[in-house]
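Everything below concerns the one structure shown next.
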Amino acid sequence: MFLMTLAGGIPMSTPRYSPREIEPKWQDLWESTGLYRSVEDPEREKFYCLEMFPYPSGDLHMGHMRNYAIGDAYARFLRMKGFNVLYPMGYDAFGLPAENAAITRKVDPGQWTRSSIERMKHVQRRMGLSYDWNRTLATCEPEYYRWNQWIFLKFMEKGLAYRKSAPVNWCPSCQTVLANEQVEGGGCWRCHTTVLKKDLKQWFFKITAYADELLEDLERLDDWPERVKVMQKNWIGRSVGAEIDFKVTGSDQMISTFTTRPDTVFGITYMVLAAEHSLVELLVHGTDRAEAVMAFVEEAKEKTLIERTDETLEKKGIDTGRTFVNPATGEEFPIYVADYVVMEYGTGAVMGVPAHDQRDFEFARKYGLPVRVVIQDPTLSLREETMAEAYVEDGTMVNSGPFDGRPNREAMPDFINYMEDNGWGRGAVGYRLRDWLISRQRYWGTPIPIIYCDRCGEVPVPEEDLPVLLPTDVQFSGEGNPLATSKTFLEVSCPVCREPARRETDTMDTFIDSSWYPFRYTDPSYDKAPFDQAKAAYWMPVDQYIGGIEHAILHLLYARFFTKGLRDLGLTDADEPFRRLLTQGMVIKDGAKMSKSMGNVVPAEEMMERYGADTARVFILFASPPEKELEWSDQGVEGSYRFLNRVFRLVMENLSLFSAEPERAVEDDENSRSLIRLRHKTVKKVSEDIERRFQFNTAISAIMELVNEIQRFIAGNGLNGAGGAGAAAEAIRATILLIAPFAPHLAEELWEATGHHKSIFLQQWPTFDPELAVSEMVQMVVQVNGKVRARFEAPPDTTREVLQDAALAIPRVREMTEGKEVLKVVVVPGRLVSIVIR
RNA sequence: GCGAAAGUGGCGGAACUGGUAGACGCGCUGGGUUCAGGACCCAGUGGGGGCAACUCCGUGGGGGUUCGACUCCCCCCUUUCGCACCA
């Protein structure tokens, strides 16, 4: 274990850097002393640092490791800066993989999940993460999910949870319904199976009640990545327009449509209903068109979302034979059913204005419907017969009765008033955002606390009966919801009338679990409410949230909605859950995302086994800035290992600097002076890179430079200079402190070796003197006509005049300027002198 | 199609407010140490020319602003990501 070397004839033994020994040693010590436990303290400034909690698959992969390396470095840095830091970890423990394991391998989902959690926790501990493990939680435990149920009931009282029938997304592979946010490109977000439509009566959360607030508050999230905000904005999809009612000819039925272009109402020449529209059947019932139309409807419903939204396909429709009246003109036009109109947006009915909407134009040309120009292009004269495409720009209103001659944009408000006055339309705002479908036909989730009674209807489970526990007497056959196989669960008496009733067997979307967990960490064992309001008021909101971009809409939008909902229940003052968001980049290898199918996975545990956690962490943070992709490099890891070895040796070989009475660094010697300055400069750079820029890669490279310089200093006999030993000792001391957030085990070990008895994480982060954080002499560049022609040294605070004279006095510069006219001299102190000659 | 981000040595990346392009690391080359390999230490390393001082070219391409552009403006190309009949 000890390597014998001979240095200068004196036998010397230097211990070797052995992460395998020092890492467990410090992990045990941190745990036994409770170093990272956090307690509310109104006297101290709090900082809540949080990583997206993982689904406990049992495998901790490089993406996780990167996530935690970033968060832990930041949390440790903030602690040393004096903040009262909350840094917890938990497990998003409900979900399909556990249930699938139950089906295929006959294991209990609870057991499967708990053992996966233990495996992940084991690797997390091994990484040396500074979590307050006392606050850990798992969403599959009744102590947690009972509060999902509680919140559900409160939301229900507030009208934020309700049940309705609707055509919903169904994943045939996962055998459950999905929320709109969970359908990506027509496929299931989890397994990518093509999603089908099903008519079901399901539970929803009324996220649309907060559509405007969710949109407006994005503006205030200054420290969120722009692209996440844009994605949320597009998802909410607010558009201003009008709702217009049309009377069906020969009937009392009204059809309501949403449009962003009420100014084109005079140009309506037909109307289209979505296949799912509730009026379709009613309209054609008993007519000779009934058979053909209903066949078309069935065919459209059969198609998957992908087929229906394929833009390359021609729009197909069918005339219902029925007509409606355009209230603006009094004319009669046909009603079609077409596949390009979807029930999900607006009212599922669209007014057709071929002259001014490209889709309508194509549809009209195909089915021989009239085109009527009502907005005239100011430069060209649009002619209905010759138009090749719709005119979608602004212009002057024509063929529009009292509005003729007015610019369409300007006339819009008046037009809406006109419709309102005449009672057939009104200003309206449309959203793409739909209410959040939360029912899932699966077992491993939170039971929805509802009882169905033939007499009383939907009865909420009384609060005192919570939690509604997941039963264990269930069959995992792979067919249907296992909950429905539990008699003890299903059969219940109605809380109101005591007659036999049955429980809801659907469970909640697991995104509910992750929508409020940051609150729960503030007191995870609290049993009177989801969280202790006083404690949450101290810690919330999360100051720094770190996670993958894949949750840009899903989790982050739901959590924002929940926070607003909880606020309106009077449980918190927070409007937003996450003040700052960092979306980390992917970890890739050989140009592709690390995945089992690619065979390019680097196992986290193996990494740590070989090099230790500190090396893995330093490499991950050094190789790339956090929000960018990280290209894995085995050789790069070697480099980080070598660096930590160098730091270890630098300290261990110079312990004598710390054993004697500490010598103060003095600036008497030129070498000492520059080392002192470099130390201050490095402290400044590392502090700012972590704090302001979140750039751990440049912070670490600055530490490397300092280490290189200390080595050169010692090798070049710098210790013999006046104050040399002091300057070296202080530089080494700073190095250990600066590296602590990145390589915490090594830092503790070296801190102890240099004579300290308390954890380095109880130590203040080093400070710097701004005056000393600049070099004594800076290199100046002299440019002649934009090209670097000479260099000279000068103190950084030299005046412009002196710098200019010095530059012009350089022989080479004199040579070049001789006989030429000096047009201009630009002097940037500390940088350059730029001379323009002719 | 629309929107966003990004293109810098052999590689990962730096250059923060327009001011020495390539910090730091990897790799590579030469040397030292070693029985040897590894590890370690020293030196070099964008391309071309030159013995050298030095010089020309160089941040996806083209133009522009400026004493000065990786950085700002315009056009184009490529890549990645997101959205995609949104009425």
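Residue numbers start from 1 in every chain, and the chains themselves are labelled A, B, ... in the order their sequence lines are given, proteins ahead of strands.
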For residues 773-786 of chain A, tabulate all N or O donor-acceptor pairs below 3.5 Å that involve a side-chain atom, not counting sequence neighbours.
{"from": "A:Ser775", "atom 1": "OG", "to": "A:Lys681", "atom 2": "NZ", "distance (Å)": "2.4"}
{"from": "A:Glu776", "atom 1": "OE1", "to": "A:Arg673", "atom 2": "NE", "distance (Å)": "3.2"}
{"from": "A:Glu776", "atom 1": "OE2", "to": "A:Arg673", "atom 2": "NE", "distance (Å)": "2.8"}
{"from": "A:Glu776", "atom 1": "OE2", "to": "A:Arg673", "atom 2": "NH2", "distance (Å)": "3.4"}
{"from": "A:Asn785", "atom 1": "OD1", "to": "A:Ile837", "atom 2": "N", "distance (Å)": "3.0"}
{"from": "A:Asn785", "atom 1": "ND2", "to": "A:Ile837", "atom 2": "O", "distance (Å)": "3.4"}

For B:rG9, measure the glycosidic angle (O4'-C1'-N9-C4 for a purine, O4'-C1'-N1-C2 for a pyrimidine) and name it syn if it falls within 90° of 0, otherwise anti.
-> syn
Is there side-chain contact between A:Ile244 and A:Thr259, with heavy atoms separated by less than 4.5 Å?
-> yes
Applying a 3.5 Å limit to both distances, which nucleotide forms a Watson-Crick or G-U wobble pair with B:rC51?
-> none
At under 4.0 Å between heavy atoms, which parts of nucleotides 12-19 of chain B does protein reach? Answer with one letter per nucleotide, 5' to 3': B base, S sugar-phosphate only, - none.
-> BSSSB--B
Using a cut-off of 6.0 Å, state whether more than 12 heavy atoms not belonging to A:Lys316 lie near its atom NZ.
-> no
If the plane angle is over 60° it's perpendicular, under 30° parallel, otherwise tilted; pick one for A:Trp424 and A:Phe415.
-> perpendicular
B:rG37 - base-pair partner by Watson-Crick or wobble geometry, distances under 3.5 Å | none
What nucleic acid atoms does A:Val350 come within less than 4.0 Å of, heavy atoms only: base, sugar-phosphate, or nothing?
-> base
Pick out the pairs of N or O atoms, protein on one side and nucleotides 27-29 of chain B on the other, that lie under 3.5 Å.
{"from": "B:rG27", "atom 1": "OP2", "to": "A:Arg642", "atom 2": "NH2", "distance (Å)": "3.1"}

Which parts of nucleotides 44-59 of chain B does protein reach within less than 4.0 Å, heavy atoms only, written one letter per nucleotide 5' to 3' as B for base, S for sugar-phosphate only and - for none?
-> ----------SSSS--
When all nucleic acid strands are considered with a 4.0 Å heavy-atom cut-off, which category describes A:Gly237: base, sugar-phosphate, or nothing?
-> nothing
Of A:Asp357 and A:Val781, the one whose closest RNA chain B nucleotide lies more 5' = A:Val781
In short, side chain to side chain donor-acceptor pair (under 3.5 Å) pairs touching residues 622-644 of chain A with sequence neighbours left out are A:Tyr611-A:Glu638, A:Trp632-A:Asp634
Within the structure shown, what part of the strands sits under 4.0 Å from A:Arg432 by heavy-atom distance: base, sugar-phosphate, or nothing?
-> base
Please give, in whole Å, the distance from B:rA87 P to A:Tyr340 OH?
-> 13 Å
How about A:Arg646 and A:Asn708: does a side-chain donor come under 3.5 Å of a side-chain acceptor?
-> yes
Look at A:Arg359 and B:rC86 and indicate whether a side-chain polar atom (N or O) is within less than 4.0 Å of OP1 or OP2.
-> yes
A:Glu705 has an atom CD; how far is it from atom C1' of B:rG25, in whole Å?
-> 11 Å
B:rC86 phosphate, OP1 or OP2: any side-chain N/O from A:Asn234 under 4.0 angstrom?
-> no
Aromatic ring pairing A:Tyr367/A:Phe363, orientation class (parallel under 30°, perpendicular over 60°, tilted between) = tilted
Establish, from distance only, whether the side-chain atoms of A:Tyr391 and A:Asp357 form a donor-acceptor pair under 3.5 Å.
-> no
Would you tell me whether A:Gln232 and A:Arg560 have side-chain atoms, one donor and one acceptor, within less than 3.5 Å of each other?
-> yes
What does B:rG3 pair with, Watson-Crick or G-U, if both distances are under 3.5 Å?
-> B:rC81
Paired with B:rU65 by Watson-Crick or G-U wobble geometry, both distances under 3.5 Å: which nucleotide is it?
-> none
Which of these nucleotides, B:rA87, B:rC67, B:rA4, is closest to any side-chain atom of A:Arg227?
-> B:rA4
Start at the 5' end of RNA chain B and walk down; is the nucleotide closest to A:Ser640 or to A:Arg712 reached first?
-> A:Ser640
Go through the structure and list residues passing side chain to side chain donor-acceptor pair (under 3.5 Å) with A:Trp235, not counting sequence neighbours.
-> A:Glu181
Strand partner of B:rG10, provided both Watson-Crick or wobble distances fall under 3.5 Å = B:rC26
Is A:Lys366 atom NZ crowded by more than 12 heavy atoms from other residues, nucleotides or ligands, each under 6.0 Å away?
-> yes
How close or far is atom C1' of B:rC83 from atom CD1 of A:Ile236, stated in whole angstroms?
-> 14 Å
Do other residues, nucleotides or ligands put more than 12 heavy atoms under 6.0 Å from A:Lys685 NZ?
-> yes
Would you tell me if any nitrogen or oxygen in the side chain of A:Arg16 comes within less than 4.0 Å of OP1 or OP2 on B:rA39?
-> no
